[in-house]
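The block underneath contains the structure these notes are about, expressed in structure tokens.
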There are 2 protein chains.
Amino acid sequence: MKIGVVTQKDVARKAGVSPATVSHVLGNRPGFAYARNTRFRVFDAARELRYVPNLVSASLRKQRTWTIGLILPALDNAIVIRKFDIIEREFRRAGYHVLMGLSRGEVATERTYLDGFYSRRVDGVVIFPMLRNGEIEHLRRLMEAQFPSVIVGEHEDSEGLDFSYVDVNREQGHEMAVQHLIEHGHHRIGFIFPRFEGGGRRRRGAERALRTQGLPLEERWIRHVEKGSFAEALPLARSLLGGAIEASPTAIVCSGGSPAAAVLRAAQETGLAIPKDLALVSFGDDDLAVHGPTLVTTVSHCEEAVGTKACEELIRLIEQPDAERRHISVEPKLILRNSCGCEERQNEK
Amino acid sequence: MKIGVVTQKDVARKAGVSPATVSHVLGNRPGFAYARNTRFRVFDAARELRYVPNLVSASLRKQRTWTIGLILPALDNAIVIRKFDIIEREFRRAGYHVLMGLSRGEVATERTYLDGFYSRRVDGVVIFPMLRNGEIEHLRRLMEAQFPSVIVGEHEDSEGLDFSYVDVNREQGHEMAVQHLIEHGHHRIGFIFPRFEGGGRRRRGAERALRTQGLPLEERWIRHVEKGSFAEALPLARSLLGGAIEASPTAIVCSGGSPAAAVLRAAQETGLAIPKDLALVSFGDDDLAVHGPTLVTTVSHCEEAVGTKACEELIRLIEQPDAERRHISVEPKLILRNSCGCEERQNEK
DNA sequence: TTGAAAGCGGTACCAC
DNA sequence: GTGGTACCGCTTTCAA
């Protein structure tokens, strides 16, 4: 028996009632008090015929698909994947399915997906931002249409688009990382930042923590990565550690697991023991170092909280499309492991 | 302006034609020869009103959604993610969108997703199999309904379900791995297999290669992992290498990057240099060791080919639902890196 | 307590 | 060349 051929009409015929009755009974619509007997006849008929409701027609009528669209630039790092995982889980719990699109960094592809999503009348979209060349017309259209949309992750404030945003607080995250290193007595702290970071948040956070000690953010100990790959970060890490001992940082804060792995390698090459000679804190928990002997202390992006908030926020907008758009900032969490010196400190006691 | 409020009727009014004409013109239906002028008026009106077609209603009418459903057990390893990536890309190219479901190893969740997919009238489904407790009723129903479905990845032949399957040839992959080690002069080869492998394919492949040298598959050099995690594999790797030198394997074939990383670590602990003292080939390219000093020689799962075939196969079934179901086996590829001795060999020359 | 009927927004057959 | 109209399958109003 082919799926999808049994309709409410068939059920109605079999149960000896009208199609409207079937809809009422199966839809369990409130305010309807059908006779017990009628209800059972409908349920039985539906079961026997293996009736599967057709959400396409229901969607057409109700103007609601119980489906959302999700656009990711790529599945190339564990943080994005973890957020995706949570988002998928949360939407399912809330009764939604998710339509996925990978934009692969192409604005055109992103646009195509958004068009496809509109056409399929998704109830809302979640977008993970990507680096843009100022091409945001399609996003502007989304916004102007007041289409329920949430942007998850790092974005440029300057885009000036009135969306709901959800992200970990990167400024606070860097403040926490530096703060922690300062507590371990470090004063010479180096950084590996992404080149394109939203509005200098990372720098500001680092600076704020340094300022409590009257320390400046030293440009000579800052490096920038484009993509954040291991290969790209390795020479930068080497250059941070390669100078005269007195002129080198004693601690490094870097963004992501690949740069962290690069620092570990560079330290090993230079003969620096971690955390004894060099402390390391990563912003973002890619769990890349999980197979190495050193587990890296990390400021977590709290993917679970971010994903959950994003889902809640989108559902809020779906339910009240005129509600105000919010900027939701999730507090990061410091996860102590073996690269910052906490263990040693305990041993000293 | 809200999205979705402009319909063909609005376009028709604006263009001064009938709704049927709009549908014909915009749908670019063959066999219709509308006047140039009419066509332009329709296009212009559609553009000015920002008309976005409603695929929900079109789907209802045409009984086709241009959407497929994809079920994965989890996004927990790079091989699955890469296949997913390719599948998404290929379906997009073919004009489909993909509805994603993570079953998280729960049969009930898988079933719920399949139901949601039916309800949304996806044109077909791609399922990545998971370990099952014999609960395959929902799959059997899928099959009996002749619903276009493709199963991607390792499965038990014994399930006896008439689906289309696409997978890398695991038997051949292991044959290739062992073959390669034999060519490097190894006769004592150890294995780390997954406990649940489809029908002993891996063993058969390994045996076939060993047999060419008159060698047996030695049970004492075989270990089994449940989940294939690093933590689980490490003690097993140690136990493989820990015996008397003469009784230990000189080469290991393992399934996946985490076990490979475990072998690397165990070798390091035992003081074995790779590939000089111990050769290693991994079946499956998790690129986990990419940050370590040793790049592991791997028999690739050829995710690209697998994903592409899966997509082609599903589209074939969508277009001809009665077509026969196929078992598609993709030939694996040996990727030479630094853990098998190929480099050394070159140096000798 | 139940059902007739008018949509939802397209598609496609058929008549003009 | 063009348009009327009967669907696709379900929801919902309103009347019986």
Side-chain angles (χ1 to χ4, degrees), chain A residues 2-43 45-46 49-67 116 118-123, chain B residues 2-43 45-46 49-67 116 118-123:
Chain A
K2 275 287 208 312
I3 283 173
V5 301
V6 179
T7 70
Q8 288 191 352
K9 207 191 286 185
D10 301 316
V11 176
R13 192 164 23 238
K14 173 133 189 164
V17 298
S18 79
T21 300
V22 173
S23 177
H24 286 139
V25 170
L26 294 184
N28 202 20
R29 251 169 280 298
F32 277 85
Y34 278 87
R36 229 195 178 59
N37 179 34
T38 307
R39 301 168 60 86
F40 284 146
R41 287 222 310 284
V42 170
F43 287 137
L49 295 177
R50 287 183 178 292
Y51 168 70
V52 179
N54 184 330
L55 257 183
V56 175
S57 60
S59 295
L60 176 61
R61 180 62 228 243
K62 302 215 284 189
Q63 305 286 35
R64 177 145 199 193
T65 55
W66 289 99
T67 301
Y118 299 161
S119 282
R120 286 168 174 80
R121 292 298 187 269
V122 295
D123 294 332
Chain B
K2 276 286 210 309
I3 284 174
V5 300
V6 178
T7 69
Q8 288 191 351
K9 210 191 283 185
D10 301 316
V11 176
R13 192 164 24 238
K14 173 132 188 163
V17 298
S18 78
T21 300
V22 174
S23 178
H24 288 143
V25 171
L26 294 183
N28 201 20
R29 252 170 278 301
F32 277 86
Y34 279 88
R36 227 193 181 62
N37 179 34
T38 307
R39 302 167 60 87
F40 284 145
R41 286 223 310 286
V42 170
F43 287 136
L49 294 176
R50 288 183 179 292
Y51 167 71
V52 179
N54 184 330
L55 257 183
V56 176
S57 62
S59 295
L60 175 59
R61 182 61 229 237
K62 300 215 288 191
Q63 305 286 36
R64 177 143 197 196
T65 56
W66 289 98
T67 301
Y118 300 159
S119 282
R120 286 169 176 78
R121 293 299 187 270
V122 295
D123 295 332

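Computed from heavy atoms alone, side chains included, the values below leave out hydrogens, waters and symmetry copies. In the text below, chain A, chain B and the rest are named by the order of the sequence lines, each starting its count at 1.
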Modelled atom types, side-chain donor and acceptor of A:Arg120 and B:Thr67, under 3.5 Å: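 Yes, side-chain donor-acceptor contact under 3.5 Å.
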Closest-nucleotide ordering on DNA chain D, the 5'-leading residue of A:Arg61 and B:His24: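 The 5'-side residue here is B:His24.
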Interatomic distance where CG belongs to B:Asn54 and P belongs to C:dC8 [whole Å]: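 For the pair B:Asn54 CG and C:dC8 P, the rounded distance is 12 Å.
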Closest contact, heavy atoms only, A:Tyr34 versus A:Thr38: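 Result for this residue pair: CD2-CG2, 4.2 Å.
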What's the closest nucleotide to the side chain of [X] if the choices are [options]?
X	options	value
A:Tyr34	D:dT11, C:dT2, D:dG1	C:dT2
B:Ser57	D:dC10, D:dG4, C:dG10	C:dG10
A:Ala58	D:dT11, D:dC8, C:dT1	D:dT11
A:Ser18	D:dG3, C:dA4, C:dG9	C:dA4

Any A:Asn54 side-chain heavy atom under 4.5 Å of A:Thr7 side chain: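 A side-chain contact under 4.5 Å is absent here.
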Whichever of A:Val17 and A:Leu60 has its nearest DNA chain C nucleotide further upstream toward 5':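 Nearer the 5' end of the strand: A:Val17.
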Under 3.5 Å donor-acceptor, A:Ser119 side chain and B:Leu55 backbone: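 The answer is no, because no donor-acceptor pair under 3.5 Å joins these two groups.
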Phosphate OP1/OP2 of C:dG10 contacted by B:Ser59 side-chain N/O (<4.0 Å):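 Checking C:dG10 against B:Ser59, no side-chain N or O comes under 4.0 Å of OP1 or OP2.
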